[in-house]
Amino acid sequence: MEKFDVVIIGSGPGGYVAAIRAGQLGLKTAIIEKDKELGGTCLNIGCIPSKALLTSSDHFSFAKKEAAKHGIVIENPRVDLPTMQKRKDKVVKTLTGGVRQLMKTNKVMVLEGMGAITAPGKVSVKSSAGETQEIETKNIVIATGSVAIELPFAKFDGKTIVSSTEALCFEEAPGKFLVIGAGAIGLELGSVWNRLGSEVTMLEFLPRIALGFDLELSNLLQRALTAQGIKFHLETKVTGVKIENGRAIASADKANEKLTFEADKVLVSVGRKPFSEGLGAEKVGVEFDERKRIKVDKHFRTNVEGIYAIGDVIAGPMLAHKAEDEGIACVEIIAGKSGHVNYGAIPSIIYTNPELAGVGITEDQAKEKAMNVRIGKFPFRANGRALANEDAEGVVKFIADAKTDKILGAHILQHAASELIAEPTSVIEFGGSSEDLGRTTHSHPTLSEAVKEAAMAVEKRALHIVNR
Ligand code: NAI
């Protein structure tokens, strides 16, 4: 029986990054993956393919609606969806192939099949051909991720009622596309198909979109997406979806009204749940919380010695970068080093246009907790580069402690918010203040100057503001 220092179950961003770090630290490491390709949800059916389609559809939108403003004439641009999808698949293939290469470079053994914990220190791997092998290990890291939540009255059929997996692979843009749930997945895929010609309607149970993000900026995003043609029904609870002649008919309650919506395709994007089916964790006594997440301490240790868990299968935001950093910290702890994750500095992004990005606390959370904070805001319409780019929609907002000036949160709505949020995230990580950021020299002309100005606005000294 082969013996390892660490066996990682699941090769998503949490698992494969943990494997790289374990290899770097000289630990004898194996990674088990049940799917054909490495990379998990993020690389195969999540972050990466969705960003590929978001970028392609954004280019199409630019060609159709924006190019003329720059004096570029593109007559009747049209979409060649098979080529768009092929490009997406190629990007995915490059990256999943890259992960396999990284496993080789770091001397990580890749075992293909379904991993199950048979006893502490023992893992079985059942291949798709039905062969089972047993391996021994000092440590097990569970990194099995999450799956889409299904609504009992709208079960996925993969054709008309779909999850994000199928909504990334449509062969043609649905005529009418109904999205249940206005979180990150719904907003991103709703945007893709709206840009590619579908009539998109989003039904959201809450009185707002993008729960977890700053409310003011979420409302501005909703306004921008509405202007792009997406219809929103908030405070709308979907109660049933039936299929008639291949089309979906959804019923919903909105205040005292009963509404029905017809659609060619329905995307159910109402959240994800931890995935640990067939893992055998319960059998060896691993404890779960009330939401079926594996319970861990701050060192990612479960209650069973030698078994650790990271990523979507434990508590916290279901984000690839959170899983990656937990994977690194977990393996460093296993190797006897100190590793930790700063949960106050994990950025979160919705890749619509404009993108919505946030890190730390929101203004509404600060109000709810009656915290003594100061707010600094700066609009991109007052930023030279944004105007030169013809991309001036959006705003930057900082939340700083009123006494110490320490930055507690930063929120950005802008086409490039996903890149811009990295700077305030670093400043938060280092415990910096709005003055620190505001006094840092930023290149001119750049969008990042709006970040600096918003930091300066905390002390009411933003420069390029006409009406204060
Ligand atoms: P979500 O939890 O972000 O949003 C789901 C929304 O559905 C909520 O606003 C909820 O109120 C609504 N909802 C629930 N039941 C409903 C019903 N019956 N009728 C109408 N609305 C209903 O979930 P989502 O978008 O599916 O994403 C899942 C996870 O994946 C999240 O943790 C998210 O952070 C992560 N993710 C992150 C991405 C990113 O960072 N860009 C992209 C995609 C996913």
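In listed order, ligands and their atoms are each counted from 1.
Looking from atom 13 (N) of ligand 1 to the surrounding protein, the closest heavy atom is V270 CG1, 3.8 Å. Looking only at protein heavy atoms, the nearest one to atom 22 (C) of ligand 1 is F205 CB, 3.6 Å. Atom 5 (C) of ligand 1 has its closest protein heavy atom at S269 O, 3.5 Å. Closest protein heavy atom to atom 36 (N) of ligand 1: A184 CB, 4.1 Å. With hydrogens left out, the protein atom closest to atom 29 (C) of ligand 1 is R272 CD, 3.8 Å, a heavy atom. Counting protein heavy atoms only, atom 4 (O) of ligand 1 is closest to G183 CA, 3.4 Å. The nearest heavy-atom contact from the protein to atom 18 (N) of ligand 1 is V238 O, 3.8 Å. Of the protein's heavy atoms, E204 OE1, 3.5 Å lies nearest to atom 8 (C) of ligand 1.
Ranked by closest heavy atom to atom 34 (O) of ligand 1, the top entry among E188, M318, E235, K237 is M318. When L54, I185, T352, T41 are checked for heavy-atom proximity to atom 43 (C) of ligand 1, I185 turns out nearest. Of the listed residues (C42, G271, P207), the one carrying the non-hydrogen atom nearest atom 24 (P) of ligand 1 is G271. Of the listed residues (A148, S50, S164, G181), the one carrying the non-hydrogen atom nearest atom 7 (O) of ligand 1 is G181.
Contact of the T144 side chain with the E277 side chain is not registered, since no non-hydrogen atoms from C-beta on lie closer than 4.5 Å. By the 4.5 Å heavy-atom criterion applied to side chains, I31 and E33 are not counted as neighbours. Here the side chains of I307 and V284 are in contact, with some heavy-atom distance below 4.5 Å. Between I161 and K155, the closest side-chain pair of non-hydrogen atoms is not below 4.5 Å. Side-chain contact between V7 and L111 is absent, with no heavy-atom pair separated by less than 4.5 Å.
Using a 30° and 60° split on the angle between ring planes, F177 and W193 fall in the perpendicular class, above 60°.
For the salt bridge (charged side-chain N to carboxylate O under 4.0 Å, His left out) with E287, the lone residue among K292, R293, K295 that qualifies is K295.
R195 approaches S57 most closely through the heavy-atom pair NH1-OG, 3.1 Å. I428 and A345 get closest at one heavy-atom pair: CG2-CB, 4.0 Å.
Near L203, meaning under 4.0 Å from any of its heavy atoms, are these atoms of ligand 1: 20 (C), 21 (N). Atom numbering of ligand 1 starts at 1 in the shown order; those under 4.0 Å from a heavy atom of Y351 are 41 (N).
Looking at I180 against ligand 1, only its side chain comes within 4.0 Å, counting heavy atoms. By the criterion of a heavy-atom distance under 4.0 Å, the backbone of I349, and not its side chain, is placed next to ligand 1. At a heavy-atom cutoff of 4.0 Å, ligand 1 is contacted by no atom of L211, backbone or side chain.
Remark: atom 31 (C) of ligand 1 lies closer than 4.0 Å to no protein heavy atom.
Environment of NZ in K93: sparse, with no more than 12 heavy atoms of neighbouring residues, nucleotides or ligands closer than 6.0 Å. Heavy-atom neighbours of K176 NZ from other residues, nucleotides or ligands within 6.0 Å: at or below the threshold of 12.
The shortest heavy-atom distance from T236 to ligand 1 is under 4.0 Å.
A donor-acceptor contact under 3.5 angstrom links the side chains of D436 and S433, judged on distance only.
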